[in-house]
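Below is one structure, written out as structure tokens, with a few remarks after it.
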Amino acid sequence: MCAIHQPNLFPRLSTLAKLFTADYWIVLDDVQFARRDYQHRTRLAGLDGTRQWLSIATRLPDGRSTLIRDARLADPRRCRRRVAQLLADHYRHSAYWPLFKRRLGSVLDLFDSGDRLADVTELSTRLLLEEVGWTGRILRSSDLPARKDRSQRLADLAWLTGATRYLCGTGGMTYLDLDAFSAYSIEVLPFRVPGTGIWRSAREVSAVDALLLVGPGALRATLTALQGRVLTSHEDALKRACR
């Protein structure tokens, strides 16, 4: 099972859940950077529910046509301080903060060793996946051959992993050409998260919030349960279609 998604800064819980459900995450790093997306920012909530944007200043060498992989940190040292400070301000009172803070060091160190935004955002996502015990594999679209048409490109990338199922979020289902995937015998599975409990703000707030609210073990159990429901729902739909 394959998921394809841009590298996001400490991604939202809905995004993390999709990646957790997949066996492969293809980091879509060779598409145009979008300032209104979550590639250089995320929304924190904190234990008191107060929401605040955490964004890192980004420089686009090629203007609006800059690809994600080419975006640069405008002021790495300042970005490092902002990330460290805002995360501490929102979550230092969590029982799970000390361990997370130690793991966070690997992300913060990247601000000292380079200025590529994609390196920071990919590692921030990898950190969260490791926290919940994901054992999948990460590839980058910039390293893989694929055709240019949007749906065809995604189908090509999914096929290269050997996957027989492609996880598609609600946004992708509005434009995806399913025939491109059918040609490879790849099933497209719509991926949605519930709207209650811990999932209430899953499409708005960073997964860091859930991780430091319930802890890695409980969050892993929640993600695993959703993974099972996604597969069961798909199998039930196939059975109904065959009747």
Side-chain angles (χ1 to χ4, degrees), residues 1-44 53-62 66-77 79-80 82-84 86-87 100-144 146 153-154 157-158 160-161 163 167 169 172 191 205-211 216 219 223:
M1 191 144 46
C2 173
I4 303 174
H5 204 278
Q6 303 95 331
N8 286 178
L9 180 65
F10 296 107
R12 294 165 292 167
L13 182 58
S14 57
T15 301
L16 187 73
K18 183 174 75 169
L19 301 183
F20 180 87
T21 301
D23 302 300
Y24 286 88
W25 169 33
I26 297 182
V27 181
L28 195 61
D29 64 346
D30 55 355
V31 296
Q32 186 175 329
F33 175 87
R35 285 201 179 276
R36 289 194 170 187
D37 211 329
Y38 291 84
Q39 294 148 22
H40 71 305
R41 63 178 185 167
T42 193
R43 187 176 279 139
L44 306 178
W53 281 105
L54 165 58
S55 58
I56 50 182
T58 305
R59 179 172 57 86
L60 305 180
D62 299 317
T66 300
L67 302 182
I68 292 175
R69 68 185 180 193
D70 298 324
R72 293 295 187 264
L73 302 172
D75 187 340
R77 290 185 179 181
C79 290
R80 176 190 172 119
R82 180 169 178 78
V83 170
L86 284 187
L87 286 172
F100 181 78
K101 181 181 178 181
R102 289 196 292 275
R103 299 289 303 276
L104 180 63
S106 61
V107 177
L108 298 178
D109 287 345
L110 280 180
F111 291 102
D112 298 327
S113 59
D115 66 347
R116 291 186 73 248
L117 173 69
D119 289 343
V120 172
T121 52
E122 180 185 327
L123 186 58
S124 75
T125 303
R126 188 192 296 264
L127 166 63
L128 295 178
L129 287 170
E130 290 175 352
E131 285 287 285
V132 293
W134 185 66
T135 58
R137 185 179 176 190
I138 297 176
L139 303 172
R140 297 180 187 86
S141 59
S142 57
D143 296 329
L144 302 171
R153 187 161 179 267
L154 296 177
L157 292 171
L160 287 169
T161 69
L167 286 172
F191 186 84
V205 174
S206 171
V208 173
D209 189 63
L211 178 69
L219 183 55
L223 294 173

Query raised in the report: Taking all atoms of both residues into account, what is the closest heavy-atom pair of H5 and L19, and its distance?
Result: CB-CD2, 4.2 Å

Report task. Start with the C-alpha gap between S141 and I4, add the side-chain angles, then the distance that decides, and say whether side-chain contact (heavy atoms from CB on, under 4.5 Å) holds. Result -> CA-CA 9 Å; S141 59; I4 303 174; 5.9 Å; no

Requested in this report: Run the numbers on Y38 and T15 for side-chain contact (heavy atoms from CB on, under 4.5 Å), then give the verdict.
Outcome: CA-CA 11 Å; Y38 291 84; T15 301; over 6 Å; no

Query - Check: I68 and L28 side chains under 4.5 Å, non-hydrogen atoms - result: no

Query - CA sep, side-chain torsions, deciding dist, call: D75, R59, salt bridge (Lys or Arg N to Asp or Glu O under 4.0 Å) - result: CA-CA 9 Å; D75 187 340; R59 179 172 57 86; over 6 Å; no

Report task. Would you check if the side chain of W134 reaches a backbone N or O of A22 as a donor-acceptor pair within less than 3.5 Å? Result -> yes

Requested in this report: Mark yes or no for whether T121, through its side chain, and H40, through its backbone, hold a donor-acceptor pair below 3.5 Å.
Outcome: no

Query raised in the report: Are more than 12 heavy atoms from other residues, nucleotides or ligands located less than 6.0 Å from atom CZ of R41?
Result: yes

Query raised in the report: Mind checking whether R140 and R69 have side chains closer than 4.5 Å, heavy atoms only?
Result: no

Requested in this report: Take E131 and L16, measure what side-chain contact (heavy atoms from CB on, under 4.5 Å) needs, and give me the verdict at the end.
Outcome: CA-CA 11 Å; E131 285 287 285; L16 187 73; over 6 Å; no

Query raised in the report: Hey, does the side chain of T135 reach the backbone of G133 with a donor-acceptor pair shorter than 3.5 angstrom?
Result: no

**Report entry** Donor-acceptor pair, side chain of D23 and main chain of M1, under 3.5 angstrom
**Finding:** yes

Query raised in the report: After noting the C-alpha distance and the side-chain angles of R116 and D29, does the key distance pass the salt bridge (Lys or Arg N to Asp or Glu O under 4.0 Å) rule?
Result: CA-CA 11 Å; R116 291 186 73 248; D29 64 346; 5.0 Å; no

Query raised in the report: Does atom CZ of R103 have more than 12 heavy-atom neighbours, drawn from other residues, nucleotides or ligands, at distances under 6.0 Å?
Result: yes

Report task. Determine, stepwise, if the pair R80 / L73 fulfils side-chain contact (heavy atoms from CB on, under 4.5 Å). Result -> CA-CA 10 Å; R80 176 190 172 119; L73 302 172; over 6 Å; no

Requested in this report: Taking S206 for its side chain and T42 for its backbone only, find out whether a donor-acceptor pair lies under 3.5 Å.
Outcome: no

